[in-house]
Protein chains: 2
Amino acid sequence: MERFEELARRLSAVGAVKRDLGRTLPQDCPAGSAAVLTALDREGEMRMSRLAELLAVDTSVTSRHVAHVADRGWIEKSPDPADGRSRILRLTPAGRRKLAQLSERYTRALAAHLADWSDDEVDRLNAMLARLRDSFGDCRTAPRPPDAGGPAEPTTRTPA
Amino acid sequence: MERFEELARRLSAVGAVKRDLGRTLPQDCPAGSAAVLTALDREGEMRMSRLAELLAVDTSVTSRHVAHVADRGWIEKSPDPADGRSRILRLTPAGRRKLAQLSERYTRALAAHLADWSDDEVDRLNAMLARLRDSFGDCRTAPRPPDAGGPAEPTTRTPA
DNA sequence: TATTGTTATACTCTATAACTATA
DNA sequence: TATAGTTATAGAGTATAACAATA
């Protein structure tokens, strides 16, 4: 169990890293908003429920974050032809520009701190974090739909 | 930069893992309090300023968390013979019992989710997270950038 | 009746700034 | 004057529950 106790502490310490990186974000786009933009950029347009699932937070939380970015014109909500209760969320050109700006700053800060890491090391950390996330799978929400069409061409953005 | 963009997303996703694990914590001891108990258990008695440094949060934040656990009798504050402004923080027996309880639940949840990980894999993740934390050293004093619309301001650092 | 999303409320975590009490 | 710690205030993130509109 010792190694799991260590892991618990290490995960806790990741918070410090994230707080530090979060300071690169502009005042009008906090981490929650950046996460919405990033998800829509990578996965393409989607409904609120799916976005909440991707972000692994409650729909009420997602609703607030979406409202924030929609108020600023970074995403648009169009009617969902398949379900009148739902709407389709989509990045706007302004949203893409905002995301590009965020991503550039955030990623640059990360790269600066990890300047002495080899590409391979970063890749290995990425792989392990991916596995970690998978191991916690869908403890909060339903599994992703059987994915058929593949995500709309992601432009490789990033932030929080 | 792509691998750093991926890392940014992976780090963000760690939040979901931590939220999930955080649900194992008892109502009277949230994550911040647990962090205080853990640090005092591992590093031994210390002053507020050192604790704040270990947790990588502002002393005002630490002060609140310490007040929470002190109110519940989990730590005690004794006068610092070397400096009258300061006090020494120390776990009480009750604090140790509380921590043992927390740790048991938290660690068990972690172990359950990572049941199919080998010891070696957990060790490697631990090592990488340790290095990640080290790479962000003591960068807690960096103020927020002036933000708002404009392009990323110039940085003195030269990322890879 | 069930589901999608919104809103009201509450709690945790964090930071900045003002304040106290020592040094 | 400077430092250790506290407190007041504010902002972000999250969750639960009550609600509206639609299915």
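In what follows, every chain begins at residue 1, and chains take the letters A, B, ... in the order their sequences are listed.
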Worksheet item: Can a donor-acceptor pair under 3.5 Å be found between the side-chain atoms of Ser60(B) and the base atoms of dT14(C)?
Response: no
Worksheet item: Could you state the CG-P distance from Asp83(A) to dA2(C), rounded to the nearest angstrom?
Response: 17 Å
Item to complete: Decide yes or no for Pro30(B) and His68(B): does some side-chain heavy atom of the first lie under 4.5 Å from some side-chain heavy atom of the second?
Response: yes
Discussion item. Output the rounded distance in Å from CG (Asp58(A)) to C1' (dT3(C)).
Written reply: 14 Å
Discussion item. Just to be sure I understand the rule, does Ala67(B) reach a base, reach only the sugar-phosphate, or reach nothing, if contact means heavy atoms closer than 4.0 Å?
Written reply: nothing
Item to complete: May I ask you to evaluate whether Arg23(A) reaches the phosphate of dA15(C), defined as a side-chain N or O under 4.0 Å from OP1 or OP2?
Response: yes
Worksheet item: Which residue lies toward the 5' end of DNA chain D, Ala82(A) or Arg87(B), if each is placed at its nearest nucleotide?
Response: Arg87(B)
Discussion item. I'd like to know if Asp116(B) and Arg131(A) make a salt bridge, using a cut-off of under 4.0 Å between side-chain N and carboxylate O.
Written reply: yes
Worksheet item: dT4(C) phosphate, OP1 or OP2: any side-chain N/O from Lys77(A) under 4.0 angstrom?
Response: no
Discussion item. Students often get this wrong, so: under 4.0 angstrom with heavy atoms, is Arg64(A) touching a base, only sugar-phosphate, or nothing?
Written reply: base
Worksheet entry | Whole angstrom value for the distance that separates P of dT12(C) from NZ of Lys18(A) | 20 Å
Worksheet item: Which distance, rounded to the nearest 0.5 Å, do you find between the CG of Leu25(B) and the CG of Leu102(B)?
Response: 6.0 Å
Worksheet entry | Distance in angstrom units between Asp80(A) CG and dA23(D) C1', rounded | 12 Å
Worksheet item: Over how many whole Å does the gap from Leu51(A) atom CG to dT6(C) atom P extend?
Response: 11 Å
Discussion item. I want to check one thing: is the phosphate of dG5(D), taken as OP1 and OP2, less than 4.0 Å away from some side-chain N or O of Ser49(B)?
Written reply: yes
Fill in: His68(A) NE2 to dG13(D) P, straight-line distance once rounded to whole Å
8 Å
Worksheet entry | Nearest-angstrom distance from the residue atom CG of Leu25(A) to C1' of dA15(C) | 15 Å
Worksheet item: Is Asp80(A) salt-bridged to Arg47(A), going by a charged N under 4.0 Å from an acidic O?
Response: yes
Worksheet item: Start at the 5' end of DNA chain C and walk down; is the nucleotide closest to Ser63(A) or to Val61(B) reached first?
Response: Ser63(A)
Item to complete: Using the closest heavy atom to pick a nucleotide of DNA chain C for each, name whichever of Arg85(B) or Met48(A) lands nearer the 5' end.
Response: Met48(A)
Worksheet item: Any side-chain donor paired with an acceptor under 3.5 Å for Asp120(A) and Ser118(A)?
Response: no
Item to complete: Grab the NE2-P distance between His65(B) and dA15(C) for me, whole Å please.
Response: 10 Å
